[in-house]
Amino acid sequence: MKVETFINALGADFYTGVPDSLLKPFCNYLMNTYGIDSKHHIVAANEGNCAAIAAGYNLATGKVPVVYMQNSGEGNIINPAASLLNDKVYAIPVIFVVGWRGEPGVHDEPQHIYQGEVTVKLLEDMDIATFIISKETTEEELSAAMNGFKDILSKGKDVAFVVRKGALSYDKEVVYKNDYDMLREEIIEHIARAAGEDPIISTTGKASRELFEIRTAKGQSHKYDFLTVGSMGHSSSIALGVAVNKPDTRVWCIDGDGAMLMHMGAMAVIGSNKPDNLIHIVINNGAHETVGGLPTVASNTDICKLALACGYPNVFSADSFEKLDAALEAAKAKKELTLIEVKASLGARDDLGRPTTTALENKENFMEYLKEL
């Protein structure tokens, strides 16, 4: 189905969300049509943030907003869906558009398997009526579903379109770029070299895939790394949990700007606890690159000042490999909680692979290595 057909059926003029690779045609349409004009389109920090923004839009206009997300974000909307949007509370109607990663019977990565199994059930448990869109869905079927949804929305209830892989198409391309030169994979290579045999916790998406391939290319063990393949935004908290329980071991966290923003409160907790053995690195390309390239607000956020305000005693910002290497060595020498922001370009190798070990194998190998430290 052409994404234009889907958009027309929705009949909305405000969208907010967190991008998803399955919804890339939808997201690209929004960027081509609205960009990040806040009157019509806001790329939010997390899915709960989207639900609240949508609620504010409805309160101000009386019109129905659209919230888009990957199904992994359903957990983030449960609280606002139940205690804000629900018709037993404020009765705020919202149309959710959900990318169905891990759909049963469709091969996907391990972090999506269980989420895929419960995607529709979670929505139904939240009293959110659903309609599944596939490649075979006709315009007439979509129109009939939307007509049924209008009655539900008029009662202050929420509805959801669950979008299967390949269900939407869009002919126009969107080029996402920034003004920086350093490639993330090369940045991670410098970090891994500086870390040596210290444990590394890396964030979800391409960063972890690149770290895995760097280890493979150099003939190094994967036991040093915990690859956070899911739970976006939580790698720094995992790193904090490791650091406070291994106080004599330097711990590194490779984070992304989108992940950092998703659960930014983690930085306040880290800064308050001040583990002197934790080095938190945020690779900032100002984009949700792994799922398509839509911008984050990190390009307009002073991450170093944010870290200082949260209690990090040391911060560095690097936009060249010379500055990065100097910051890495300075962080090691200081032996205090440190944040390093690294400004990166967008882009990754077309042939970038995925870890060849299972998530469970990764965890067990990492835990065995931590026992040695």
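Computed from a predicted model, the values in this text were never measured in an experiment. Side chains are part of it too, since the values below use all heavy atoms of this structure and drop only hydrogens, waters and symmetry mates.
- By the 30° and 60° cut-offs, the orientation of the rings of Phe366 relative to Phe226 is tilted.
- Looking only at distances, a side-chain donor or acceptor of Gln115 sits under 3.5 Å from a matching main-chain atom of Asn71.
- Between Tyr224 and Tyr369, the ring planes are perpendicular. Angles over 60° get that label, and only those under 30° would be called parallel.
- Between Phe6 and Phe26, the two ring planes are tilted [angle within 30° to 60°].
- Under the 30°/60° scheme for interplanar angles, the aromatic rings of Tyr312 and His280 are found to be tilted.
- Using a cutoff of 4.0 Å between basic side-chain nitrogens and carboxylate oxygens, Lys165 and Glu103 are not scored as salt-bridged.
- Of the possible donor and acceptor atoms, one in the side chain of Asn58 sits under 3.5 Å from a partner among the backbone N and O of Lys63.
- A salt bridge links Arg349 with Asp351; the closest basic N to acidic carboxylate O contact falls under 4.0 Å.
- Counting heavy atoms from C-beta on, the side chains of Ser169 and Pro25 never come closer than 4.5 Å.
- More than 12 heavy atoms of other residues, nucleotides or ligands sit less than 6.0 Å from atom CG of Asp37.
- Between the side chain of Asn273 and the backbone N or O of Pro275, no donor-acceptor pair lies under 3.5 Å.
- Using a 30° and 60° split on the angle between ring planes, Tyr68 and His41 fall in the tilted class, from 30° to 60°.
- With respect to Arg101 and Glu109, no salt bridge is recorded, no charged nitrogen being found less than 4.0 Å from a carboxylate O.
- Ion pair Asp87/Lys157 flagged as a salt bridge, since at least one NZ, NE, NH1 or NH2 atom sits closer than 4.0 Å to an Asp/Glu carboxylate oxygen.
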Item to check | Residues Glu124, Lys121; criterion salt bridge (Lys or Arg N to Asp or Glu O under 4.0 Å); working and verdict | outcome: CA-CA 5 Å; Glu124 291 174 345; Lys121 183 177 185 299; over 6 Å; no

